[in-house]
Amino acid sequence: MKKTFGQADPMIGDYVRSLLQVEDDILTSVRRESLAAGLPEIQLSELDGRHLEILARMIGARKTVEIGTLGGYSGLFLLRGMGPEGHLFTFEISASNAQVAHRNFKLAGVDHQVSQYVGPALENLNQITSEGPFDLVFIDADKGGYPQYLEWAERNLRPGGLVIGDNTFAFGRITENLKAEEESAPSVLALRKFNSHLAQSPHFCTTIFPTGEGLTVGVKIS
Ligand code: DHB
Ligand code: MG
C-alpha cells in the first residue's frame, strides 16, 4: 500500500495549530506591522516557522544565513531556535522590506543578534564568507535564484549543517510538464533543479517535508 505524503485535511492543520499555540504576542505584532507596512502576506505560517525553530535547535545552530528577510517573521523563528548565542545573517533585495524587518527585530528585542544585508543576495553573500562556515542556510527568496543560492550554501555550510528551501513544491507546479521541461516557467525549472541537485548530491542527505509549500531539507554529510 502506498501511504499518503502529507495531510490534505484542513482539520489536521487546525488541530496542530491549536495544539501547539505557536504564535505569541510578539509574532502577532510582527505579522501585523508587516501587513500595515504593505508587505505581501507571503511569510511562513507559524507552523512552518516552528519547523525552522526545531531544525535550528536540533543541530545546535549558532550561525544562520537567511536569503529573503521579508518582514523578519521567519528570522524570528530561526533566532528562537538558536537561542541567545545565535546570530542571523539575513539578506533582502528590497530596502523598504528590510526597514520593516529592522523595526520588527527591534520590537522582538533581538536586533543585536541580526546582521541585515540589502540588495541582491548573490552580490552580498561574499561579504560574510569569512564568518563561516555556517550551521544553517534558509532560502526563501526569488525562486529563480535557488540553484545559485544552493551553490553558495554547499560551499559555506559545516558538515552536519542544513540547507533548507521553502516553496519547493513550486506552488503546486513542481510536477507539471515533466515531459516538456521547456514549457515550465523559469521559476519552476529552477526549483526542480534545486531539488534534484540536492537529492543527487553525494554531499547531502535530503528530504522534502510535505508542508503545504514543500520544505526541502538537506544535511551536509561531507
Ligand atoms: C511567494 C513567495 C514565497 O516565498 C512564499 O512562501 C509564498 C509566496 C510569492 O512570491 O508569491
Ligand atoms: Mg516562502
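Every value quoted in this text rests on a predicted model; they were computed, and no experiment measured them. Whatever order the structure lists them in is the order used to number ligands and atoms, beginning at 1.
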Against the six-membered ring of Phe77, is Arg50 placed for a cation-pi contact (under 6.0 Å from the centre, within 45° of the normal)?
no
Which of the ligand 1 atoms, numbered from 1, are nearer than 4.0 Å to a heavy atom of Asp166
6 (O)
Under the criterion salt bridge (charged side-chain N to carboxylate O under 4.0 Å, His left out), I'd like the reasoning laid out for Arg80 against Asp24: C-alpha separation, chi angles, the key distance, then a yes or no.
CA-CA 12 Å; Arg80 288 180 181 193; Asp24 59 16; 3.0 Å; yes
With a cut-off of 2.8 Å, does any N, O or S atom of Glu213 fall short of it relative to the Mg ion (ligand 2)?
no
Heavy-atom contact check, 4.0 Å cutoff: does Gln43 meet ligand 1?
no
Is there a side-chain contact between Ser34 and Asn104, using heavy atoms and a 4.5 Å cut-off?
yes
Rounding to 10°, state the angle centred on the Mg ion (ligand 2) that links OD2 in Asp166 with OD1 in Asn167.
90°
If you measure from the Lys or Arg side-chain nitrogens to the Asp or Glu carboxylate oxygens, is any gap between Glu23 and Arg31 under 4.0 Å?
yes
Around atom 2 (C) of ligand 1, find the nearest protein heavy atom and jot down its residue, atom name and distance.
Ile42 CD1, 3.7 Å
Residue pair Glu53 / Leu78, side-chain heavy-atom distance below 4.5 Å:
no
Are any of the side-chain heavy atoms of Leu162 and Leu157 separated by less than 4.5 Å?
no
Path from Leu150 to Ile174 over hydrophobic side-chain contacts below 4.5 Å:
yes
For ligand 1 and Glu213, I'd like to know whether there is a polar contact (N/O to N/O, distance under 3.5 Å).
no
Report yes or no: does Gln43 have an N/O/S atom closer than 2.8 Å to the Mg ion (ligand 2)?
no
Which residue and non-hydrogen atom of the protein lie closest to atom 6 (O) of ligand 1, and at what distance in Å?
Asn167 ND2, 2.7 Å
Need the atom name: nearest N/O/S atom of Asp140 to the Mg ion (ligand 2).
OD1
